[in-house]
Amino acid sequence: MQKRRDVLKLAAGTAAASFLPKKLYAQTGTKKLSILTWNIIDMEPLFKQWFATFQSQNPGVEIEWLDKKGPELPAFYQTQLAAGTPPDIVDIQGGLGLEWAGQGALLDLTPMLDKEPAVRARFNPEYLANWVFEGKNYLIPFYVSKSLLFYNKPLFKAAGIDYAPKSLDDILSYAKAVSGADRTGFLTLNFDWLYWPLFRMQGVDLLTPDLKKPTFNTPAGIETADKLAKATADGSINKISWTGRWVEPNGAFAAGNVGMMHAHSSAYFFVKTQGSWITPETIGIAEVPGYWSTPNSHGYAISKGARNPELAWAFLKFATEKSQAMDFARGRTLTTANAEVDKDFLAELDKNDPTAAAVLRTQIEHTDKLTGNWRLSDDSAVKNIVWAEMQNIFLGRRDAKTALADAEKKVERELRRT
Amino acid sequence: MNTAPPQRAGVAGSADAVAPPVRAADWYRRKRTREAMLVACFLLPSLMIFFLYRILPLGWNVILSFEYWSPLKAARFAGLDNYAEMFLEDDVFWQALTNTLIFILASPIAILLALAVALAVNSDLKGAAIYRTIIFLSYPLMSVAVGIVWRWLYDERGGFINFVLRGTGLIKEPIPFLQSFGWALPSVILADIWQVVGFYMIILLTGLQSIPQHLYEAARIDGAPASARFLRITLPMLRPSLFICAVIGILNSFTAFDLVYVMTGGGPAHATELLVTHIYNMGFGETRFDYAAALTVVQFTLLVILTFLANRAVGGNAGSVESA
């Protein structure tokens, strides 16, 4: 009997203890700030340093930091939204920020940016504008990247090519010239719609400016898709372009058998560690013809359901300050869209690693020509529809005319649905 | 001292006379009640967990399938809209359903293969225990690891399979296994079979070893050939094990998410999309939990029907407990 009472006492004590922290916070004035980041666990020492500094500036703040790997974060964040406990701050990649903003998950940061013009002035305006949905700014840049063209100089030389391509036709003819035996001429990453500049440089866009109607099913769209399909069929374009994600295409380029790769700046640092052939003399770096590129940037957002939005904003200001942004840029060798930081960091990098500096310099140039994200709450659905038909075309299952006509109908239906 | 009236004494006496059996019955009832209570107490935590984590979500999922809902919007009644969209407009659903059924139809191949292996390692084959271990080793591997390994094996340019096929002169051009609409699904299914065949083998081996040897001896004395012994003794006696393999095969086909996700992501152009990957994409890719719920209801219904049919196929009493 005594044992039973002990067990009951223990259970009651445990239950009471589980409610205690909230009470304690209320009494002590402790504020909790939760931060969810995306695949940057390697930056833990720096983050802990930031947290300590921020906490010293904001006494009584408790920070809970959680990092999730690539495919896990979107699912995790959505379960947190469904549970009504979203993290105060979330790091979002690519077009997802706009989509979640459109669905009402994120807090409008425009009033805060308007109130503090100095904070707004930190950032490259085009990268900042990339996260505007219906006139409101939902994210601020954390670290940024966009697509560019890498090429294998020895393979180019062997094929008699001595300058970077200036058009899609150049890309395809070079690819044809380089390919043969176990070599292919061109590769592109496709996730997050990094392939879209290939269409945009041909004057093809996905939707009308008001985002009401599809515009890709045009003679130029069909011609572009057709050219890419033919180049894939004859081996000029590596098929992994249309099926791989990150490791396979980058691995293929690093192996030294691919003439060109269209990817964002992070790819350089990945392939450099894998490809022994890659040196400043052998790797070529160029803008994509027409200077079009797809951003693949990370931004900080505040959840609409944040418990402490003011505190979250204070942290965002802190994290994007020159000192912190510079530490992060150095730690990860990247650009932050904090204009001052990027300028200083690139000057520093020019001395230490000129090739990396050349790669990163492309990330802050021609930022007026970003494409591949649409300000829709169902951006993913529209992209999935078009991408499936694009795969059908590129891999030879359907002809471009029929597939794009079908994709157009499906996109129209999807746009009507929302 | 006996002051009680005779009739009362008589009543009391008669009561005394029947009291022991009544008390025994009460005691027995109380004992049964106590036992039932004890059993209920032991079962309650499991039942509560089962209810909270299985039945309740399932019920909520069914309700959700008739609503418009997202984590950020209040639910609205949608009637059959989600189902209408699924059956009438969603080409990917039909593709995913077809692929899932093809995946299920491939299960018998894995089971037959496992049966052949089980028969081999159940014989007097030298080193049978080693073969058994080697074949089973694939099963405990993480599906993600299996997916990554097979993805590299299938690689068009540097993959081992293409290397061997080209090296032996069987093909001239490499086969883009995972990039081809025709090859992608069979390639994923082959990887799945490779992983699961060891598990089937263990189940069937257990079944084989539980068949009484005297049945075979009697059949031999009667002059039954090996094929007859296999068809008349082995196969009928293996029915429960085959049923388990079939059910696992069906379940595996419905839940082969990680393998498909790692190897092809459902592509190219949904060529390897399964219902489960489509559900994931709708729910977490496009934030359409309501529509994903409707897909889940269809998948669950299909699963129940197929399990019922598999049970019927092995005589309708698989899994039953025989009392002595």
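Convention: sequence-line order gives letters A, B, ...; per-chain numbering from 1.
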_Using a 4.5 angstrom heavy-atom cutoff, name the option from A:Ala252, A:Ala388, A:Gly251 with the most pairs to chain B._
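Max contact count across the listed options: A:Ala388.
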*asked:* Using a 4.5 angstrom heavy-atom cutoff, name the option from A:Lys239, A:Lys383, A:Arg397 with the most pairs to chain B.
replied: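 Ranked by heavy-atom pairs under 4.5 Å with chain B, first place is A:Arg397.
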Between A:Lys410 and B:Glu89, is there a salt bridge with N-O shorter than 4.0 Å?
->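 So B:Glu89 does not pair with A:Lys410 through a salt bridge.
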Need one label for [X]: side chain, backbone, both or neither, based on atoms under 4.5 Å from any heavy atom in chain B.
| X | result |
| --- | --- |
| A:Glu99 | side chain |
| A:Thr184 | side chain |
| A:Arg245 | neither |
| A:Asp378 | neither |

Next on the checklist: Does atom CZ (B:Phe87) have a neighbourhood of more than 12 heavy atoms from anything else shown, all under 6.0 Å?
Outcome noted: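 More than 12 within 6.0 Å, yes.
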Tell me which of these, B:His270, B:Arg288, B:Met282, has more heavy-atom pairs under 4.5 Å with chain A than the rest.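 Ranked by heavy-atom pairs under 4.5 Å with chain A, first place is B:Arg288.
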According to salt bridge (charged side-chain N to carboxylate O under 4.0 Å, His left out), who are the partners of A:Arg417, at least two apart in sequence or on a separate chain?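 Only A:Glu414 meet the salt bridge (charged side-chain N to carboxylate O under 4.0 Å, His left out) criterion with A:Arg417.
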Output the distance between atom [atom1] ([X]) and atom [atom2] ([Y]), rounded to the nearest 0.5 Å.
| X | Y | atom1 | atom2 | result |
| --- | --- | --- | --- | --- |
| A:Ile240 | B:Leu178 | CD1 | CG | 9.5 Å |
| B:Phe284 | A:Thr79 | CZ | OG1 | 6.5 Å |
| A:Gln78 | B:Phe289 | CD | CZ | 4.5 Å |

With a 4.5 angstrom heavy-atom cut-off, which part of [X] approaches chain A: side chain, backbone, both or neither?
| X | result |
| --- | --- |
| B:Asp91 | side chain |
| B:Glu85 | side chain |
| B:Pro176 | side chain |

I want to check something: taking the side chain as every heavy atom from C-beta on, are B:Glu286 and A:Asn384 in contact at a cut-off of under 4.5 Å?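 They are in contact (side-chain heavy atoms under 4.5 Å apart), so the answer is yes.
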task = Work out which heavy atom in A:Pro71 is nearest to a heavy atom in B:Tyr261; give both atom names and the distance.
result =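 Shortest heavy-atom contact: CB-OH, 3.7 Å.
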- Query: Among pairs that include at least one residue of residues 169-188 of chain B, which meet side-chain hydrogen bond (donor to acceptor under 3.5 Å, both in side chains), considering only residues two or more places apart or in two chains?
  - Reply: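 Applying side-chain hydrogen bond (donor to acceptor under 3.5 Å, both in side chains) to every pair that reaches into residues 169-188 of chain B, excluding sequence neighbours, yields A:Thr243-B:Gln179.
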